[in-house]
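The basis for the numbers below is simple: all heavy atoms, side chains too, and nothing from hydrogens, waters or symmetry mates.
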Amino acid sequence: MTVVDRLIRLLYVDRVGLLASDIYGRVHLLDDALNVKASSPFVRQGRPLYGLAAAGGWVIGKDRMGGIFRWSLSTLRLVDRIEPAAAVDPSGLLPNEEPSPMSSRGIGVWDGRVFISSGVHRQMLVLDLHTFEVLEIRPNICGDSPMEWACAEHPTRHAVSDKKGNLRFGSFEDGRFDELLKLDDGNIHRVRYDARHDRFWATQDFGEGENADVANGIVVVGLDGVKRDELLFARDDVEFVAFSPDHLRAYAGGFDGELHIFDNSTPRLRIERTVTGFPHQLIDLTVAPNGELYVLCQDGEVLRLDPDGEVITRMRFHRQAVWDLQPAPGDPRTLYCATDSGVAVVRVRDDAVGPMVEVEAEHQTGFGFTRRVAALSDGWLGISRDWKVFRADRDGSARWDRNLPGLPHTVAVHPLGARALVATNAGAVELDVADGTELGTFQVDGLPVWAGVYLPSGDRLLVTRNGVIVTLDGVDGTVRWRFDQGEYPKRAWTQDGRVYIVGDGGLKEVVPGVGVVCRWSKLLSNTVENAVVVDGLVCASSYGMQLAAFDHQDGRLLGLLEDLPDYPKALAVVPDRSGTPFLLVGARSGLLSLYQLDPDRRGVLSKVRDHWLPRRPSEPAVIGRDSGATPAGAVLAAALGGAV
């Protein structure tokens, strides 16, 4: 048996094996060769299962809407499910409050009780582990932010973290966590107790203070709740930290796609080795009693490594995603799709029911997954996860490829078509479209540039990870305008003389030289991944598995879809044969969905049909490099001007 749905959490249970949860709410038991030995049954309410814990012969899970599950550890038989809308204290609800989506992982288990926040984030449940009786509904330890992690590994000193960067200390014995320490401006996904040096390690998503959205990593906190040390090695979310059985090593990694192996033989934070070449971002890691590592990538691939980071085996999970959709110039019914395996060409045509999607061609590049694609008059440009930019003709024939100085995020083509701008962690790189020759590089305070576009004038607009927007003269690169809007971007594009930026804080409409003039974010959970503006409508997708439609002029919410089949990443507007616009949504699992946008007929965001691209296995080239002695704060010191 093999895994067919993407895994999102791993947990090794001593004398049982490797447990894994998937996006449809199932739990699987895997053997050492990463084959499925047993699976829990399907549930009708199957949603991504982010929280996963095992104790006392039971498996406890929480899905993204706050549904709480209990399975038998020995059989994976589903025994209990608690409905999130029912397990609430009505007296503590806001008017018309309902459970809302949240990818929260925190489950505390202590002395036969389970402590877990539900879909109503200001409340939490206390359950009896063995009967699943709800013993108490109480205010959430973390206030209005869901508990993101619970660490009960120390006998008496417990720690919980939340999604607002707070770390609290106390005890599940009496439920009091009165000591608070701010460590991050975002999530603290993991808190682990270091038994060798009697301290806690915590991860960072954004960083804090002057390093917020600039650099982040691992923070060490003493039992007294005082920050002792930190090591900033990441430009993106750090998703996990774990220890070897003897605590001589620690392992950390995340969205940068690198696994860092720490020497923990002394109290000094030091990375001794970094493992790279994974097919995707890293989202979880668990350590077996023999010291072997199981690493989960965001595309669903699982790799089994020895304690030094050498690959033993991998799952070869068949995955697919649609990361970007760009219409061919002059032909809006033909679109180029950036996928996990390369670039797919899809065509929208009409049958007796309405518009439908068909795949004209799939072009596998042999590179890492294609993050973004830019359409050309005779083909496309793409950027891949393994730091490459490439050009292909309309038939998929490769023209050229070249390496980039950092992880790329977006690619845009100059209005005249001769130049391209790639936003990377090492700044923006401008290239000659004809042969890939580098024409120039552009820095903004030495920060990662996460989005870049050309303005109609030919000027360049760059957005850094920490939300600084600059426009640079299209000829000499001098700064024309600078604006700090303070939130990280995911994509940017120009339309009708305006610049649109999606990311943290929603979709923003920007007038260069002025600033943000409009924003759409109502009811959208987490990061806004993409958006389109068409016929007075704004359609936006979020990392909360949501799709929303707003009125462009007054910002009114016209429609909201939640609990989508998978995470929506790519959006494009496509016309049917009569010219009526439809919304095409590309998602993880290779899903392409068409939605009708006419509010006077079936309604805004009415589903028309789905189509799935074929899934392909990844081909990672995992390698390790010894980092040598790496004292705390040294990893990004040069990029940050020598100060961390």
Side-chain angles (χ1 to χ4, degrees), residues 51-53 55 60 62 102 104-118 121-127 129 135-209 211-212 216-232 237-243 247 250 252 262 264 267-269 632:
L52 188 67
I60 309 299
K62 183 173 75 167
M102 184 65 68
S104 168
R105 323 170 188 200
I107 302 176
V109 182
W110 178 255
D111 192 26
R113 291 170 292 163
V114 179
F115 302 82
I116 189 167
S117 55
S118 64
H121 306 314
R122 290 174 295 104
Q123 299 182 7
M124 70 182 306
L125 308 181
V126 182
L127 310 174
L129 173 65
L135 302 175
E136 187 180 354
I137 302 174
R138 61 170 64 164
N140 182 13
I141 289 171
C142 303
D144 61 356
S145 179
M147 184 170 65
E148 179 63 2
W149 196 255
C151 178
E153 295 164 325
H154 187 276
T156 59
R157 186 75 160 158
H158 302 155
V160 299
S161 67
D162 66 17
K163 288 186 167 293
K164 295 183 178 179
N166 298 307
L167 182 61
R168 292 172 170 83
F169 290 96
S171 173
F172 285 113
E173 185 66 35
D174 58 14
R176 297 184 60 183
F177 286 81
D178 299 331
E179 302 172 50
L180 184 146
L181 180 64
K182 178 76 169 177
L183 293 182
D184 193 57
D185 284 359
N187 290 303
I188 299 177
H189 289 307
R190 289 287 195 281
V191 185
R192 302 300 302 271
Y193 173 61
D194 177 0
R196 179 164 291 274
H197 301 298
D198 208 22
R199 58 187 184 177
F200 293 94
W201 291 39
T203 62
Q204 291 179 312
D205 250 15
F206 299 170
E208 63 170 333
N211 288 323
N216 50 290
I218 291 292
V219 180
V220 171
V221 180
L223 287 188
D224 57 1
V226 176
K227 179 178 175 179
R228 300 298 187 191
D229 207 348
E230 68 180 7
L231 198 156
L232 306 182
D237 302 2
V238 179
E239 293 288 299
F240 58 79
V241 63
F243 292 99
H247 282 231
F262 288 75
N264 197 40
R268 184 179 63 147
L269 289 177

Sidechain N-carboxylate O distance under 4.0 Å for R176, D178: yes

S117 side chain to P146 main-chain N or O, any donor-acceptor pair under 3.5 Å? no

Report the residues that fulfil ring pair (Phe, Tyr, Trp, His ring centres under 6.0 Å) with W201, sequence neighbours left out, ordered by chain and then residue number. F243, F262

If you compare all heavy atoms of G225 against all heavy atoms of F169, which two are closest, and at what distance to 0.1 Å? CA-CE1, 3.8 Å

Heavy atoms only: give me the nearest G217-L232 pair and the separation to one decimal. N-CD2, 4.0 Å

Here the salt bridge (Lys or Arg N to Asp or Glu O under 4.0 Å) pairs for residues 179-188, sequence neighbours left out, are R157-E179

Flag side-chain contact, heavy atom, 4.5 Å: H197 against H247: no

Decide yes or no for N216 and V238: does some side-chain heavy atom of the first lie under 4.5 Å from some side-chain heavy atom of the second? yes

Any non-hydrogen side-chain atom of I188 less than 4.5 Å from a side-chain atom of E148? no

Apply side chain to side chain donor-acceptor pair (under 3.5 Å) to R199 and list each qualifying residue two or more places apart in sequence or on a separate chain. D194, N264

Determine yes or no for a side-chain-to-main-chain donor-acceptor pair under 3.5 angstrom, with N140 supplying the side chain and C142 the backbone. yes

Is any side-chain heavy atom of L223 closer than 4.5 Å to one of Y193? yes

F115: ring pair (Phe, Tyr, Trp, His ring centres under 6.0 Å) partners, not counting sequence neighbours: F172

State, yes or no, whether a side-chain contact exists between H121 and K163 at a heavy-atom distance under 4.5 Å. no

Under 3.5 Å, which donor-acceptor pairs do the side chains of residues 106-114 form with other protein atoms, sequence neighbours left out?
{"from": "W110", "atom 1": "NE1", "to": "E173", "atom 2": "OE1", "distance (Å)": "3.2"}

Would you call L167 and V219 a side-chain contact if the rule is heavy atoms closer than 4.5 Å? no

Quick one: pull up OG in S145 and CE in M102 and give me the separation to the nearest 0.5 Å. 7.0 Å

Taking side chain to side chain donor-acceptor pair (under 3.5 Å) as the definition, give me every residue that meets it alongside S161, ordered by chain and number, with sequence neighbours left out. none

CD1 of I116 to CG of L127: how many Å apart, nearest 0.5 Å? 7.0 Å

Decide side chain to side chain contact (heavy atoms under 4.5 Å, CB included) for R268 and D229; before the verdict, give the C-alpha distance in whole Å, the side-chain angles of both, and the deciding distance to 0.1 Å. CA-CA 8 Å; R268 184 179 63 147; D229 207 348; 5.6 Å; no

Inter-residue atom distance I141.CD1 - H158.NE2, 0.5 Å rounding: 10.5 Å

Residues L129 and A55: closest non-hydrogen pair is CD2-O, 3.8 Å

Side chain to side chain contact (heavy atoms under 4.5 Å, CB included) between R190 and E239, worked out: CA-CA 7 Å; R190 289 287 195 281; E239 293 288 299; over 6 Å; no

Do K62 and S104 have side-chain N/O donor and acceptor atoms under 3.5 Å apart? yes

Does R168 pair with D162 as a salt bridge, N-O distance under 4.0 Å? yes

Please step through side chain to side chain contact (heavy atoms under 4.5 Å, CB included) for the pair R192 and W149, ending with a clear verdict. CA-CA 9 Å; R192 302 300 302 271; W149 196 255; 4.1 Å; yes

Determine yes or no for a side-chain-to-main-chain donor-acceptor pair under 3.5 angstrom, with Q204 supplying the side chain and L183 the backbone. yes

